[in-house]
Amino acid sequence: MSEKIRLIIDTDPGQDDAAAILMAHGLVKRGLIDFISITVVAGNVGIGYTSENARIICDWAGKEDFAVYSGAAKPLLRNLVTAEEVHGKTGLDGVERHTPRCPLQEQHAVNYLIDTLRAAEDGSIVICPIGPLTNIAQVLTLAPDCARAIKRIVLMGGNYFEAGNITPAAEFNFYCDPHAAQIVLQSGAPITILPLDVTHKACITTPRMDVLRKQNNENGPRLAGILQSYERYDIQKFGTEGGPLHDPCAISCAVFPELFQGRECHVEVETSSELTMGACVVDWWNSTGKPANAYWVTEVDADRMFEELALSIEQLP
């Protein structure tokens, strides 16, 4: 197990985002992380729903006082593309929503991140973006000095060896804001990428969900219901045993990097061609000689990852 990390999640909840946020709150209870805040971006659904959903999920975790900041309502240059066909109209299909008790902070997420990173020690904060990278790109553009405080950006996004899940060429988060993804990759910050290449190896199966469903709390059975609602779309589309659980891969890799394997590579994102918009070009064999700018993950010990997820959810109400 790695040292205890200070974590900020940037998210667009989203059903698998809910799993990632709940896992992080459980990791705090296990004494494994210091979970600082959540910043929210538009993506799976619009910013109104994502900002509300993040706070609902904190309520579920018994963290009604948690710091949640709302950020970018649309990509840097493109129109917003959402994934309501996967996550439902509100982003949290498969569960009853309520008016959140956890308040929304007044400060904009980008301003909050800049202030927080500027006040932090060098290399002290891990950021886990599990939605489009719009907020993070704005931070690194407006305040490039903030990169010094980032220990690592551990993000879910992209694809190379796996086909895209929103277009034939692209994964949703990178497709939603490809310009933001490219800015982050060019920022010089240390980056780990959890692409479809690895998340498609971490699948929601009935036995794995049964572990959650049998927990003696509210969040285990609730999360099993959310994820089995969410996975139906992917099973129908990809024909897999169970839908891939994308976003908790990023949280897991930040805290348990030994469960993952990959390679340092040079990675770029297509921002010009509509045919391949958001596609990643990963220099896996160092063909260009360009210096590596990301650790591209391809392998996961999925059984262990789901065990850590279950152990974390078990800590919650």
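Starting from 1, each residue takes its place in the sequence as its number.
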With sequence neighbours excluded, give me every ring pair (Phe, Tyr, Trp, His ring centres under 6.0 Å) pair touching residues 270-317. Phe161-Trp284

Reported OG1-to-CD distance for the pair Thr50 and Glu52, which is rounded to 0.5 angstrom: 10.0 Å

What are the two closest non-hydrogen atoms of Asn44 and Asp12, and how far apart are they? N-OD2, 2.8 Å

Spacing of CG belonging to Leu245 relative to CD1 belonging to Ile204, to within rounding of 0.5 Å: 5.0 Å

Could you tell me if Asp283 and Thr288 have a donor-acceptor pair between their side chains, going purely by distance under 3.5 Å? yes

Are Ile127 and Val154 grouped together when hydrophobic residues (ILVMFWY) are joined by side-chain heavy atoms under 4.5 angstrom apart? no

Tell me whether the rings of His25 and Phe66 are parallel (<30°), tilted (30 to 60°) or perpendicular (>60°). perpendicular

Whether Arg208 side chain and Cys203 backbone form a donor-acceptor pair below 3.5 Å: yes

Same cluster or not: Met305 versus Ile193, using hydrophobic residues (I, L, V, M, F, W, Y) connected whenever any side-chain heavy atoms lie under 4.5 Å apart? no

Could you go through Arg222 and Ile226, starting from their C-alpha distance and side-chain angles, then the distance that decides it, and tell me whether this counts as side-chain contact (heavy atoms from CB on, under 4.5 Å)? CA-CA 6 Å; Arg222 176 191 282 131; Ile226 291 172; 4.0 Å; yes

Here the gap from Glu64 atom CD to Asp59 atom CG, rounded to the nearest 0.5 Å, amounts to 5.0 Å

Would you mind listing every salt bridge (Lys or Arg N to Asp or Glu O under 4.0 Å) that reaches into residues 183-205, with sequence neighbours excluded? Lys201-Glu299

Can you name the closest pair of heavy atoms from Ser252 and Met23 and give their distance? OG-CE, 3.2 Å

Derivation and outcome, side-chain contact (heavy atoms from CB on, under 4.5 Å), residues Met277 and Thr167: CA-CA 9 Å; Met277 184 66 68; Thr167 71; over 6 Å; no

Count the heavy atoms of every other residue, nucleotide or ligand shown that sit under 6.0 Å from CD of Glu218, and state whether that count exceeds 12. no

Does any part of the side chain of Gln107, heavy atoms only, come nearer than 4.5 Å to the side chain of Tyr69, both counted from C-beta? yes

Shortest non-hydrogen pair, Val269 vs Ala181, comes out as CG2-CB, 4.0 Å

Donor-acceptor contact below 3.5 Å, side chain Arg6 vs main chain Asp34: no

Is the count of non-hydrogen atoms from other residues, nucleotides or ligands lying under 6.0 Å from Asn216 atom CG greater than 12? no

Minimum-distance pair of heavy atoms, taken over all atoms of Ala54 and Val40: CB-CG2, 3.8 Å

Run the side-chain contact (heavy atoms from CB on, under 4.5 Å) check on Met156 and Phe172 step by step: do they pass? CA-CA 10 Å; Met156 189 278 133; Phe172 175 80; over 6 Å; no

If you round to the nearest 0.5 Å, how far is CG of Leu7 from CZ of Arg152? 14.0 Å

Any side-chain heavy atom of Asn293 within less than 4.5 Å of one from Gln186? no

Do Leu27 and Ile125 share a hydrophobic cluster (ILVMFWY, side-chain heavy atoms under 4.5 Å, transitive)? no

Is any side-chain heavy atom of Ile9 closer than 4.5 Å to one of Asp247? no

For the CG atom of Leu117 and the CD1 atom of Ile8, what is their distance to the nearest 0.5 Å? 6.0 Å

Is any side-chain heavy atom of Leu80 less than 4.5 Å from a side-chain heavy atom of Pro75? yes

Donor-acceptor pair, side chain of Glu308 and main chain of Arg304, under 3.5 angstrom: no

Test side-chain contact (heavy atoms from CB on, under 4.5 Å), reference Gln138, set Thr134, Thr141, Leu140, Ile136, output is Thr134

So Thr206 and Gln228, do their side chains get closer than 4.5 Å, heavy atoms only? yes

Are Tyr112 and Thr39 linked by a side-chain donor-acceptor pair shorter than 3.5 Å? no

Count the heavy atoms belonging to other residues, nucleotides or ligands that lie under 6.0 Å from CG of Asp210, then report whether that count exceeds 12. yes

Does any part of the side chain of Ile183, heavy atoms only, come nearer than 4.5 Å to the side chain of Leu76, both counted from C-beta? yes

Quick one: do Thr298 and Tyr160 satisfy side-chain contact (heavy atoms from CB on, under 4.5 Å)? Show the steps, please. CA-CA 10 Å; Thr298 57; Tyr160 185 60; over 6 Å; no

Within the side chain of Gln215, is there an N or O that forms a donor-acceptor pair under 3.5 Å with the backbone of Ala310? yes

Looking at Lys74 and Asp177, is any side-chain nitrogen of the basic one under 4.0 Å from a carboxylate oxygen of the acidic one? no

Is there a donor-acceptor contact under 3.5 Å from the side chain of Asn219 to the main chain of Trp60? yes

According to a hydrophobic-cluster definition based on side-chain heavy atoms being under 4.5 Å apart (Ile, Leu, Val, Met, Phe, Trp, Tyr only), do Phe256 and Val198 belong together? yes

Separation of Ile130 CD1 from Leu155 CG (nearest 0.5 Å): 10.5 Å

State, to 0.1 Å, how close Gln261 and Val297 come at their nearest heavy-atom pair, and which atoms those are. O-CG1, 3.4 Å

Please check: side-chain N/O of Asn135 versus main-chain N/O of Ala72, any donor-acceptor pairing under 3.5 Å? yes

Distance-only, no hydrogens or angles: does the Glu121 side chain make a donor-acceptor pair with backbone N or O of Gly123 under 3.5 Å? no

Can you tell me if Arg213 uses its side chain to pair, donor with acceptor, with the backbone of Pro221 under 3.5 Å? no

Is any NZ, NE, NH1 or NH2 atom of the basic residue among Asp145 and Arg118 found under 4.0 Å from an Asp or Glu carboxylate oxygen of the other? yes

Between Ser312 and Arg30, is any pair of side-chain heavy atoms under 4.5 Å apart? yes

Quick check: do Asn173 and Leu133 have side-chain heavy atoms less than 4.5 Å from each other? no

Considering all heavy atoms, the nearest Gly164-Asn159 contact: N-ND2, 3.4 Å

Give a yes or no on whether Ile153 and Leu196 share a hydrophobic cluster (residues Ile, Leu, Val, Met, Phe, Trp, Tyr; joining criterion: side-chain heavy atoms under 4.5 Å apart). no

Does the side chain of His266 come under 3.5 Å of the side chain of Glu268 through a donor N or O and an acceptor N or O? yes

